[in-house]
Structure formats: structure tokens, C-alpha cells
Amino acid sequence: MTTIKLSANSLGHYNVCRRFYWYYKIMDRRLVRSSPGRIAGTAMHAGLLAFNQGKSIAEQDAAVEKVFTATPTPLDDYRQASYTKDGLAAFRAELGGVLAGWKIEETESHGEVELGQIEYRGMGAAGYEILPARVLFEFRRDLVALSPDGLRTVWDYKTASRNEQVEWEAAKNSGALMAYARTYQIQHNLPVHGAYLVRLITRKPSKSGVAFEFP
């Protein structure tokens with residue numbers, strides 16, 4: 001039986017450009033080099049994972065440094081380990097106490113769940129036939145937490161250099177949070193009452209102090 005794997009990331013590619021989706025998901029032709037933004041985002045997630053696991057600041061910083069050591073960014077790029085550690089420190093100062101009293105149930109969980117089976121018209125042994133396929137959804141949930149009053153929420157940390165309004169508009173077009181909540185329900189048979197999108201805006205300061213805009 002054919003297996004079709006979907007994810008919030010690949011569906012985002014499909015919504016933007018179907019040709020890009022074809023190369024990325026069907027032909028498995030990925031980008032050869034990681035971008036500085038992707039490396040910095042991975043490093044920040046590593047630091048946040050250590051933070052949510054209750055590890056020390058030194059251990060959080062070490063998690064950040066480990067990512068940059070494995071995949072360094074260009075020396076002339078502002079997104080270095082020191083910059084990212086400063087960003088993590090700013091997060092701790094501003095939002096570090098938000099989960100006080102909450103029970104953290106899951107951090108950085110990766111996996112897949114089966115959504116069901118479908119039929120599609122494809123090429124079989126006798127020409128075009130109606131063929132069966134399993135549909136799997138790949139997920140990467142950053143955090144699931146239970147509030148003191150018993151409300152369960154999924155949290156998604158997003159690092160970005162665009163301004164907050166542009167990021168918010170992009171988020172409204174994304175089904176990622178819905179997908180993370182649904183996959184948790186399928187896996188654990190527990191209700192999810194909501195979601196938090198935490199935008200971590202990390203960018204090089206402009207000379208005027210005005211945020212950079214992107215189309």
C-alpha cells in the first residue's frame with residue numbers, strides 16, 4: 001500500500017509553490033546548505049529545550065553552543081552563539097516565569113500518526129486504477145503543558161527576523177498549531193484546549209531602530 005506523509009512544513013511548501021513541494025517532498029531534493037536563520041533557530045530550540053527541562057543556564061548555553069559548533073554560521077553573520085545566548089537570556093527575563101505552576105507533559109516530541117486511509121487514481125499493473133494509500137502526519141511538537149486549572153495547551157516556538165505583524169499574518173495561514181493539537185489527541189486520547197504561538201523575534205538591529213520589513 002502506498003504511504004503518503006504530510007507535515008505542517010510540507011503543506012506550507014505546497015500552499016506556497018506546488019513545484020517546490022514536488023521537488024522537496026516527492027523527489028526528496030532538499031537544500032544542500034543550511035541557512036544562518038535555520039541554524040540559529042535550531043540552536044534557540046536546543047536552548048529552550050534545556051530551559052523547559054529545568055536545566056541550568058550554563059547547560060542551556062552549552063546546548064546553544066553545540067549546535068553552532070556542529071553547523072557554524074558565516075563569521076560575518078550576526079547570528080552566532082553569543083547572539084543567540086543573549087536572545088535566550090532575554091526570553092528568560094521576559095517570559096521565563098510564564099509556565100510557573102504548570103505541569104510540562106512533553107518537550108520536543110517528534111513522530112508520526114496515521115490519519116486514515118484513502119483511495120486515489122494512480123498507475124497500477126493494468127494501467128490507471130483506484131489504489132489505496134495510508135496517510136501519515138509527521139509532527140514536531142515543541143511543548144505540551146497543563147495549566148493549574150487543568151487546561152492543556154500546545155506551545156510552538158518560532159524564531160524569526162521579520163516583524164511581529166508579518167509573522168502573525170503568516171501564522172494565521174498556517175495549520176501547524178491545529179495539527180500539533182490533533183496529533184496529541186490521537187496519540188494520547190487526551191483533550192487539548194488551546195495553543196500558544198511564541199514568536200521569538202531575533203534580528204540585527206537597524207541603524208534607525210525600526211524593524212526590518214519583508215514582503
Side-chain angles (χ1 to χ4, degrees), residues 5 7-10 12-13 24 30-100 102-113 137-146 152-164 167 170-171 174 176-177 179-181 183-184 187-188 192 195-205 212:
K5 287 189 178 182
S7 69
N9 186 50
S10 63
H13 293 331
Y24 179 85
R30 308 299 173 89
L31 297 175
V32 176
R33 294 178 296 178
S34 294
S35 69
R38 186 180 296 274
I39 295 170
T42 300
M44 181 66 83
H45 272 78
L48 286 167
L49 174 60
F51 168 78
N52 287 321
Q53 291 177 335
K55 295 184 178 180
S56 68
I57 292 177
E59 290 174 308
Q60 296 170 35
D61 287 347
V64 170
E65 291 172 354
K66 183 178 179 180
V67 174
F68 281 101
T69 299
T71 52
T73 52
L75 294 178
D76 60 348
D77 194 285
Y78 68 93
R79 286 161 291 199
Q80 304 292 338
S82 58
Y83 181 89
T84 305
K85 287 188 288 185
D86 285 345
L88 183 56
F91 170 84
R92 287 194 300 264
E94 183 177 352
L95 297 172
V98 169
L99 288 172
W102 291 55
K103 177 184 177 183
I104 295 179
E105 296 184 322
E106 178 184 86
T107 56
E108 290 290 335
S109 178
H110 308 161
E112 58 188 33
V113 297
F137 193 91
E138 300 173 284
F139 62 85
R140 187 186 184 103
R141 292 189 298 262
D142 292 342
L143 180 73
V144 178
L146 191 68
R152 180 174 291 101
T153 56
V154 295
W155 295 60
D156 193 34
Y157 297 112
K158 292 293 186 185
T159 56
S161 59
R162 299 183 293 187
N163 73 32
E164 289 81 351
E167 286 298 317
S174 171
L177 292 173
Y180 299 151
T183 53
Y184 188 90
Q187 277 191 299
H188 304 286
V192 175
Y196 283 106
L197 181 67
V198 184
R199 289 289 184 183
L200 309 173
I201 307 300
T202 55
R203 58 173 168 258
K204 185 178 182 179
F212 287 111

S.K.: Under the side chain to side chain donor-acceptor pair (under 3.5 Å) rule, collect the residues that match up with Asp142, sequence neighbours excluded.
M.R.: His45
S.K.: Could you check whether atom OH of Tyr196 has more than 12 heavy atoms from other residues, nucleotides or ligands sitting under 6.0 Å from it?
M.R.: no
S.K.: One pair to check against side-chain contact (heavy atoms from CB on, under 4.5 Å): Val98 and Val198. What are the steps and the verdict?
M.R.: CA-CA 11 Å; Val98 169; Val198 184; over 6 Å; no
S.K.: Taking all heavy atoms of Gly41 and all of Thr159, pick out the closest pair and write down the distance.
M.R.: CA-OG1, 3.3 Å
S.K.: Using a 3.5 Å distance criterion without hydrogens, assess whether the side chain of Thr71 forms a donor-acceptor pair with backbone atoms of Phe68.
M.R.: no
S.K.: Identify the two heavy atoms, one from Trp155 and one from Ala145, that lie closest to each other, and give their separation to 0.1 Å.
M.R.: NE1-CB, 4.0 Å
S.K.: For Asp77, what residues pass the salt bridge (charged side-chain N to carboxylate O under 4.0 Å, His left out) criterion, not counting sequence neighbours?
M.R.: Arg79
S.K.: Taking salt bridge (charged side-chain N to carboxylate O under 4.0 Å, His left out) as the definition, give me every residue that meets it alongside Glu59, ordered by chain and number, with sequence neighbours left out.
M.R.: none
S.K.: Can you name the side chain to side chain donor-acceptor pair (under 3.5 Å) partners of Thr73, sequence neighbours left out?
M.R.: Gln80
S.K.: To the nearest 0.5 Å, tell me how far Trp102 CH2 sits from Asn52 CG.
M.R.: 12.0 Å
S.K.: Holding to side chain to side chain donor-acceptor pair (under 3.5 Å), I want the full list of residues that pass it with Ser82, two or more places apart in sequence or in another chain.
M.R.: none
S.K.: On a heavy-atom basis, which atom in Thr84 and which in Ala43 lie closest, and how many Å separate them?
M.R.: CG2-CB, 4.3 Å
S.K.: Check side chain to side chain donor-acceptor pair (under 3.5 Å) between Glu105 and all other residues, then give those that pass, not counting sequence neighbours.
M.R.: Arg152, Tyr184
S.K.: If the test is side chain to side chain contact (heavy atoms under 4.5 Å, CB included), which one of Gln53, Arg92, Glu65 qualifies with Gln60?
M.R.: Arg92
S.K.: Which one of Glu112, Arg141, Glu106 satisfies the side chain to side chain donor-acceptor pair (under 3.5 Å) criterion with Gln187?
M.R.: Arg141
